[in-house]
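The structure under discussion appears below in the form of structure tokens.
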Amino acid sequence: MTKKQPEPTIRPRERAFLVGAEIYGQAELLTLEDSLNELELLASTAGLQVVGQATQKLDAPNPATFIGPGKVEEVKALVEETQAEVVLFDEELSPRHLRELEKIFGEKVRILDRTALILDIFAQHAATREGSLQVELAQYEYRLPRLTRAWTHLARQAGGGGGRSGSVGGVGLRGPGETQLEVDRRDIRRRISHLKQELEKVRTHRQQYRARRKRSQIPVVALVGYTNAGKSTLLNHLAKADVYVADQLFATLDPTTRRVELPGGNLALFTDTVGFIQKLPTALVAAFRATLEEITEADLLLHVVDVTHSNAKAQAESVHQTLAEIGADHIPVLTALNKIDRLMDPEKARSVLESYARSVAISALRGDGIADLLQVVNELLYETYTQVMVRLPFTEGSLIAQFHELGQVERFEQQHGGVLIQGRLPGRLLARYQAYLVSQG
Ligand code: GDP
Ligand code: MG
């Protein structure tokens with residue numbers, strides 16, 4: 001089987017017309033306008049040229065065309081006027097929406113949605129083998145039910161040479177009575193199962209690596225935050241690491257870990273993660289397990305917030321939601337309010353600071369506040385002890401041993417199948433005992 005990457009959805013410098021909708025009663029963190037601004041930034045990150053936009057408020061999505069029929073006509077006229085080649089919807093379209101809209105807009109215009117765009121950007125930026133495999137899998141899973149003109153047609157056009165380039169990574173020869181669509185579907189299913197096997201192998205390998213790192217006992221600090229908040233810049237500053245920094249969405253896809261010395265000589269591993277974003281489809285979140293697993297196993301989360309962003313609050317909220325979704329909400333969070341060098345009014349920074357439980361104001365770019373930040377990280381990881389009671393099964397022998405080694409045991413009782421320990425644990429270890437916690441504080 002050939003190892004062919006899926007055709008990119010976006011071709012450089014295509015003219016794109018954006019369509020956003022607000023559904024009444026649907027709780028959204030971003031306003032329609034902000035969401036469209038974000039879509040525009042996403043589009044330009046992918047190399048599209050945005051030529052116009054239209055919006056609509058709806059009680060419910062139209063089952064056939066997502067937006068209402070009147071709005072469809074309006075958009076169609078605007079698309080002709082602006083000579084747009086792509087109509088980009090801010091919401092994920094169902095396979096039916098896609099088919100109906102393609103019929104209406106005709107041969108010359110392609111219909112895309114936010115998810116397809118994000119997948120394309122992810123594909124451009126995946127750096128490790130696991131990252132690339134994950135994106136490719138997510139792309140095919142997204143495309144399989146949507147195999148209409150937008151994909152098959154495009155693939156055949158863009159492929160050039162090779163003759164059979166319309167088929168996706170497979171043999172692509174038509175069996176008796178098989179339509180081209182059926183061939184494409186069969187090829188994609190085959191490719192999906194192959195990708196899953198490959199991913200399993202890569203994961204086993206990574207787990208061994210992580211287990212080794214865990215044994216090294218150096219606590220892990222995961223940088224989380226909305227995309228473009230400044231996570232990579234901060235990691236660069238901390239470790240003088242050469243992590244790709246760009247004013248683009250999703251410049252980082254794969255986790256990058258650096259060793260950092262804290263005040264007093266203690267060590268911590270800081271790991272950069274993919275940016276969080278509104279309306280990141282849950283299926284996609286699940287696809288990026290590599291990055292997300294780093295987060296759920298961290299000892300501390302460093303939440304980087306761009307305080308100068310007009311939507312800082314909503315962005316922070318969406319990060320918290322995603323953390324809860326992936327089961328990382330038990331890990332202690334320290335908030336870094338970033339880009340204070342851009343704040344005209346220092347009073348404002350102070351008032352924002354007060355609204356976060358535990359926060360430090362920094363400029364990742366200039367280095368302001370970094371020393372304070374590391375001081376707090378050090379306190380949280382190494383100097384804060386918490387009173388806990390845990391019930392550990394004998395199968396967790398290493399956790400039992402670790403409590404004795406790094407914590408202070410005040411009471412120790414054998415119980416059926418395990419032990420009950422009461423005592424004090426360093427803050428950085430709390431997350432590891434979370435599943436066995438009886439009481440805390
Ligand atoms: P990430 O998506 O969270 O990894 O964000 P990046 O680290 O790639 O930064 C996104 C953009 O914000 C880049 O253009 C950075 O130069 C810029 N940036 C990051 N930190 C700061 C800061 O403290 N001050 C200013 N003015 N810009 C910053
Ligand atoms: Mg980054």
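Note: hydrogens, waters and symmetry copies are ignored here, and every other heavy atom, side chains too, is used.
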For a quick test of reading the model, state the closest non-hydrogen atom pair linking [X] to [Y] and the distance between them.
X: Ala21; Y: Leu58; result: CB-CD1, 4.1 Å
X: Thr384; Y: Leu380; result: OG1-CA, 3.7 Å
X: Leu262; Y: Ala268; result: CD1-CB, 3.9 Å
X: Leu300; Y: Pro332; result: CD1-O, 3.4 Å
X: Glu100; Y: Thr65; result: CB-CG2, 4.3 Å
X: Val304; Y: Asn338; result: CG1-CB, 3.9 Å

Run the side chain to side chain contact (heavy atoms under 4.5 Å, CB included) check on Leu112 and Leu117 step by step: do they pass?
CA-CA 7 Å; Leu112 296 175; Leu117 180 67; over 6 Å; no
Flag, side chain of [X] to backbone of [Y], donor-acceptor distance under 3.5 Å:
X: Tyr382; Y: Leu267; answer: yes
X: Lys231; Y: Tyr226; answer: yes
X: Gln56; Y: Gly68; answer: yes

For the pair Leu39 and Leu36, evaluate side chain to side chain contact (heavy atoms under 4.5 Å, CB included) and give the outcome as yes or no after the intermediate values.
CA-CA 5 Å; Leu39 187 69; Leu36 269 186; 4.0 Å; yes
Using the side-chain contact (heavy atoms from CB on, under 4.5 Å) rule, pick out the option among Val87, Ile111, Asp113 that qualifies with Leu101.
Ile111
Only one of Asp368, Leu365, Ile362 passes side-chain contact (heavy atoms from CB on, under 4.5 Å) with Ile340, and that residue is Asp368
For the pair [X] and [Y], find out whether any cationic side-chain nitrogen is under 4.0 Å from an anionic carboxylate oxygen.
X: Arg146; Y: Glu102; result: no
X: Asp299; Y: Arg432; result: yes
X: Arg185; Y: Glu182; result: no

What I'd like to find out is whether the side chain of [X] reaches to under 4.5 Å of the side chain of [Y], using heavy atoms alone.
X: Gln315; Y: Val305; answer: no
X: Pro61; Y: Ile23; answer: yes
X: His309; Y: Lys339; answer: no
X: Thr271; Y: Val220; answer: yes
X: Val221; Y: Val260; answer: no
X: Phe66; Y: Val19; answer: no
X: Ser193; Y: Arg189; answer: no
X: Leu425; Y: Tyr433; answer: yes

Take Met389 and Leu420 through the test side chain to side chain contact (heavy atoms under 4.5 Å, CB included) and record every step on the way to the result.
CA-CA 7 Å; Met389 193 194 287; Leu420 185 83; 4.0 Å; yes
I need the [X] [atom1] to [Y] [atom2] distance, nearest 0.5 Å.
X: Leu334; Y: Glu379; atom1: CG; atom2: CD; value: 10.0 Å
X: Ile421; Y: Arg391; atom1: CD1; atom2: CZ; value: 12.0 Å
X: Glu92; Y: Leu98; atom1: CD; atom2: CG; value: 10.5 Å
X: Lys196; Y: Leu137; atom1: NZ; atom2: CG; value: 6.0 Å
X: Glu40; Y: Asp90; atom1: CD; atom2: CG; value: 11.5 Å
X: Leu302; Y: Leu238; atom1: CG; atom2: CG; value: 8.0 Å

Aromatic ring proximity, centroids under 6.0 angstrom, His97 and Phe89:
no
Check whether the ring centres of Phe403 and Phe412 lie less than 6.0 Å apart, and answer yes or no.
no
Quick check: are there more than 12 heavy atoms from other residues, nucleotides or ligands sitting under 6.0 Å from CZ of Arg259?
no
Should the heavy atoms of other residues, nucleotides or ligands under 6.0 Å from CD of Glu33 be counted, would the total exceed 12?
no
Do Ile67 and Asn62 pass the side chain to side chain contact (heavy atoms under 4.5 Å, CB included) test, and can you show the C-alpha distance, the side-chain angles, and the key distance before you say yes or no?
CA-CA 6 Å; Ile67 47 174; Asn62 182 299; over 6 Å; no
Take Glu396 and Tyr436, measure what side-chain hydrogen bond (donor to acceptor under 3.5 Å, both in side chains) needs, and give me the verdict at the end.
CA-CA 10 Å; Glu396 290 287 5; Tyr436 306 108; 2.6 Å; yes
